Amino acid sequence: MLIAIYHLEVKIISRGTGRSVVAAAAYASCSRLYNDYDGITHDYTRKRGCQYSEIFLSDTAPAQWKDRQTLWDAVETVEKAKNSRLARELIVALPIELELSDWKQILRQFIQEQCTSKGMCADVSIHDTDGHNPHAHILLTVRPLDQAGHWQAKTQKEYLCRRGSEEQGFTAEEFLAAKQEGWEKQYPYQSGKKKTYLTPSEAQNHPDYTRTSKSPKSTRYGRQNPISEAWNSEKQLLCWRKSWEDAVNLSLQQHCLSARIDCRSNADRGLEEQPTIHEGYHARNLEAMGIPSTRCALNRQIKEDNRLLKELKVQVQKLTKALKESIPAIASALESLRSRLVTLQYHILHDTSQQSAMSEVLDKAVPLVKEYKSVQNKIVVKSSEKKSLQAEKKLCSPLKFLQIRQFNQQISALTEEIEELKSRKAYLLSCFDCRSDSDVKTIEHKIEKMQDTQKRLKDQLVSLDKQKEKGTLNFLETKEKISPKDMDAVLEEREKLRPENMQKVKDRLEGTFQSAFRNDTLLRAEKLINSELQETESLHSVLQRLHKKESALNRQPRTPKRHKDWER
């Protein structure tokens with residue numbers, strides 16, 4: 001059975017991260033939308049690849065929200081905070097085996113079952129720019145609606161009230177009933193340097209305490225709306241993932257296709273293969289132009305690692321079977337497994353070297369970027385302080401000589417500090433070979449990518465080390481089971497197979513790593529594997545042993561022929 005590609009990514013669109021849901025909707029639908037919140041028009045009408053867009057409303061949502069501009073205007077208007085969560089975005093991969101009409105049907109089923117039926121409104125767009133990466137953007141509202149189609153609160157203020165030694169949280173509505181049961185709100189009080197929370201009844205017994213605020217003690221984030229809490233839960237995410245798997249697989253089955261998707265991770269499915277990373281069309285375009293892409297190169301390496309792990313398992317199975325067969329079969333199985341282990345060791349050495357090189361770069365780059373940001377921030381603060389002093393000096397009377405002199409001294413000192421900071425900034429820019437702040441942002445982006453790659457290499461190394469350990473153990477166990485009388489014959493047969501096998505290993509590694517391939521790393525990998533497999537005997541030593549055995553046989557005393565004279 002074929003395993004199709006499964007991808008479902010969930011993001012939060014929040015003002016706190018500098019995003020706008022109007023901009024996200026305009027981008028996904030390749031349209032032109034105006035955001036009244038910040039007065040910016042987002043025009044993506046020239047963007048290509050959007051094959052379908054549609055708004056899906058819940059039963060209680062106003063009908064006019066079928067218009068994209070109206071829907072997201074309503075969302076931007078109701079959210080007042082500068083860090084408000086505006087929407088949730090789901091990005092799902094569509095099966096390349098199906099067509100546009102099938103994708104629409106899958107999305108409608110998924111949206112109806114998992115989104116609109118639960119009270120969310122959805123803005124769906126299908127993208128397929130090159131025919132190789134069809135996917136859909138699903139924008140979902142995050143604030144629940146009441147039966148009248150009005151927005152509900154996402155959270156309610158929750159007051160931490162006390163009754164005796166007990167403390168419990170109540171909303172404003174709940175507190176009206178709790179008050180009759182003896183619960184009281186707590187307010188901040190202070191006596192000298194000592195601060196504490198007291199109820200009004202407790203405050204009467206402490207006349208030395210003064211109330212410092214009218215705001216009662218409350219939980220930090222308030223109490224979440226039960227509907228919002230359900231939408232934000234991990235259970236809902238797992239439900240989405242499983243529902244998307246079911247919807248796609250049902251459509252594939254209806255079209256009599258054997259391909260299937262699986263929402264479980266490789267670890268949950270009992271697979272040791274590492275997942276590949278998203279390349280994106282930019283990386284593929286670079287490769288098409290003959291420019292190497294780091295993401296594509298990493299994916300090639302991951303695919304080669306996964307293929308190698310599969311081959312290793314096959315060779316272990318063959319090795320177990322070969323014990324019951326002839327000497328050539330045992331020799332062939334041992335040499336094939338040895339070749340795979342050498343290849344695996346090369347990958348481990350290469351990944352370790354890459355990880356070490358990245359760590360060295362990051363150890364130098366991260367502190368420099370951090371210092372650059374600190375210097376840049378200090379320049380802004382000092383420049384602002386200087387402007388403020390200059391403005392105060394300008395308003396100062398010319399007759400106040402001492403005050404003007406003091407201003408001049410302060411401004412001069414700040415100027416020198418700013419110049420020194422600018423020199424340090426210029427030095428830091430030269431360290432990165434950058435010219436401006438935008439160049440440093442590019443460096444930061446590269447550092448983030450490098451850190452992500454480093455993490456993936458770490459995961460790969462863990463998987464490769466485990467497989468090498470299993471393969472080595474199987475090899476040694478099999479070797480011990482070979483009869484002592486057959487050992488020399490097996491070694492001799494293996495030495496005949498080794499040159500061809502190692503040439504295949506070299507060819508395969510050159511194909512995988514291309515210009516990054518190093519012959520000295522291969523020799524080192526082979527030496528390490530020989531040591532771990534206790535493979536110290538070369539063809540020369542085997543032949544030497546055979547020659548000694550023959551010589552020993554030749555030196556054995558022979559029975560002398562009886563002479564005729566002796567018989568007399």
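Since we're looking at a predicted model, the values are computed, not measured.
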Item to check | Step-by-step side-chain contact (heavy atoms from CB on, under 4.5 Å) determination, W240 to L140 | outcome: CA-CA 13 Å; W240 276 330; L140 301 172; 3.9 Å; yes
Checklist entry - What's the verdict on side-chain hydrogen bond (donor to acceptor under 3.5 Å, both in side chains) for T41 and D43, showing C-alpha distance, side-chain angles and the deciding distance? => result CA-CA 6 Å; T41 298; D43 189 353; over 6 Å; no
Next on the checklist: Would T442 and K446 count as a side-chain contact (heavy atoms from CB on, under 4.5 Å) here? Give the steps.
Outcome noted: CA-CA 6 Å; T442 304; K446 286 181 179 178; 4.1 Å; yes
Checklist entry - What do the steps show when you test Q451 against V366 for side-chain contact (heavy atoms from CB on, under 4.5 Å), and what is the final call? => result CA-CA 11 Å; Q451 288 171 334; V366 172; 4.1 Å; yes
Next on the checklist: Quick one, W72 with D123, criterion side-chain hydrogen bond (donor to acceptor under 3.5 Å, both in side chains). Give me CA distance, side-chain angles, the key distance, then yes/no.
Outcome noted: CA-CA 10 Å; W72 299 118; D123 185 355; 3.1 Å; yes
Next on the checklist: Apply side-chain hydrogen bond (donor to acceptor under 3.5 Å, both in side chains) to residues K458 and Q454 and explain how you reach the verdict.
Outcome noted: CA-CA 6 Å; K458 185 179 178 181; Q454 193 178 39; over 6 Å; no
Item to check | E166 and W183: CA distance, side-chain angles, deciding distance, side-chain contact (heavy atoms from CB on, under 4.5 Å) verdict | outcome: CA-CA 9 Å; E166 294 180 272; W183 290 94; 3.7 Å; yes
Donor-acceptor pairs under 3.5 angstrom involving side-chain atoms of residues 386-405: please list them, not counting sequence neighbours.
| residue | atom | partner | partner atom | Å |
| --- | --- | --- | --- | --- |
| K386 | NZ | T415 | OG1 | 3.2 |
| K393 | NZ | N408 | OD1 | 2.6 |
| S397 | OG | L399 | N | 3.3 |

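Exactly one of K449, K370, K373 qualifies for a salt bridge (charged side-chain N to carboxylate O under 4.0 Å, His left out) with E444. That residue is K373.
The aromatic rings of H206 and Y209 sit perpendicular, their planes meeting at an angle over 60°, well past the 30° parallel limit. By the 30° and 60° cut-offs, the orientation of the rings of H127 relative to H137 is tilted.
A salt bridge is defined here as a Lys NZ or Arg NE, NH1 or NH2 lying under 4.0 Å from an Asp or Glu carboxylate O, and R15 with E76 meets this definition. Note on K104 versus E54: no salt bridge recorded, every NZ/NE/NH1/NH2 to OD/OE distance being 4.0 Å or above.
To the nearest 0.5 Å, atom CE of residue M358 and atom OG of residue S353 are 10.0 Å apart. Between atom OH of residue Y27 and atom NZ of residue K47 there is a gap of 4.0 Å, rounded to the nearest 0.5 Å. Atom CG of L461 is separated from atom OG1 of T352 by 4.5 Å, given to the nearest 0.5 angstrom. Atom CD of Q147 is separated from atom CG of L145 by 9.5 Å, given to the nearest 0.5 angstrom. Taken from OG in S125 to CG in L139, the straight-line distance is 7.0 Å, to the nearest 0.5 Å. With values rounded to the nearest 0.5 angstrom, I106 atom CD1 is found 8.5 Å from L250 atom CG.
Other residues, nucleotides and ligands contribute at most 12 non-hydrogen atoms within 6.0 Å of the NZ atom of K455. With a 6.0 Å radius and a threshold of 12 heavy atoms from other residues, nucleotides or ligands, Q409 has its CD atom above the threshold. In N205, the CG atom is crowded: over 12 heavy atoms of neighbouring residues, nucleotides or ligands sit closer than 6.0 Å. Annotation: K157, atom NZ; neighbour count of heavy atoms from other residues, nucleotides and ligands within 6.0 Å does not exceed 12. Counting heavy-atom neighbours within 6.0 Å of R162 CZ, excluding the residue itself, gives a total above 12. No more than 12 heavy atoms of other residues, nucleotides or ligands shown are found within 6.0 angstrom of NZ on K378. Counting heavy atoms of neighbouring residues, nucleotides and ligands inside a 6.0 Å radius, atom CZ of R211 exceeds 12 of them. For E173, the CD atom sits in a loose shell: 12 or fewer heavy atoms of surrounding residues, nucleotides or ligands are nearer than 6.0 Å.
Annotation: side chain of K185 is in contact with side chain of C161 (closest heavy-atom distance under 4.5 Å). You'll find the side chain of Q112 reaches within 4.5 Å of the side chain of S117, heavy atoms only. Put simply, the side chain of V10 does not reach to within 4.5 Å of the side chain of Q236, judged on heavy atoms. Side-chain contact check for H135 versus H7: every heavy-atom pair is 4.5 Å or farther apart. A 4.5 Å side-chain heavy-atom check between E79 and K154 finds at least one atom pair inside the cut-off. Counting heavy atoms from C-beta on, the side chains of K466 and V462 come closer than 4.5 Å. Between V124 and F110, the closest side-chain pair of non-hydrogen atoms is not below 4.5 Å. Side-chain contact between Q354 and T453 is absent, with no heavy atoms from C-beta onward closer than 4.5 Å.
Residues satisfying the side-chain contact (heavy atoms from CB on, under 4.5 Å) criterion with S213, sequence neighbours excluded, are P188, S215.
Smallest separation of non-hydrogen atoms from V142 and A87: CG1-C, 3.7 Å. The two atoms that bring I261 and V248 nearest to each other are CD1-CB, 3.5 Å, heavy atoms only. The shortest non-hydrogen separation linking K425 to I379 is CD-CD1, 3.9 Å. Residues W65 and G149 come closest through the heavy atom pair CH2-O, 4.5 Å. Scanning both residues, A61 and L57, for their nearest heavy atoms gives CB-CB, 4.0 Å. Between S20 and N35, the shortest heavy-atom distance links the atoms OG-ND2, 3.1 Å.
A donor-acceptor pair under 3.5 Å is formed between the side chain of T141 and the backbone N or O of C121. K382 contributes no side-chain N or O that, together with a main-chain N or O of L421, makes up a donor-acceptor pair within less than 3.5 Å. A side-chain donor-acceptor contact under 3.5 Å links W103 to the backbone of P95. Of the possible polar contacts, none joining the Q69 side chain to the L71 backbone as a donor-acceptor pair under 3.5 Å is found. N225 contributes a side-chain N or O that, together with a main-chain N or O of A153, makes up a donor-acceptor pair within less than 3.5 Å. A donor-acceptor distance shorter than 3.5 angstrom exists from the side chain of K80 to the backbone of T77, with no hydrogens or angles considered. Side-chain atoms of R143 come within 3.5 Å of backbone N or O of Q152 as a donor-acceptor pair. A distance-only check finds no donor-acceptor pair linking the side chain of S191 to the backbone of K194 [under 3.5 Å]. Listed for the E174 side chain is a donor-acceptor partner under 3.5 Å among the backbone atoms of T171. The backbone N or O of S29 lies less than 3.5 Å from no partner atom in the side chain of R68, so there is not a single donor-acceptor pair.
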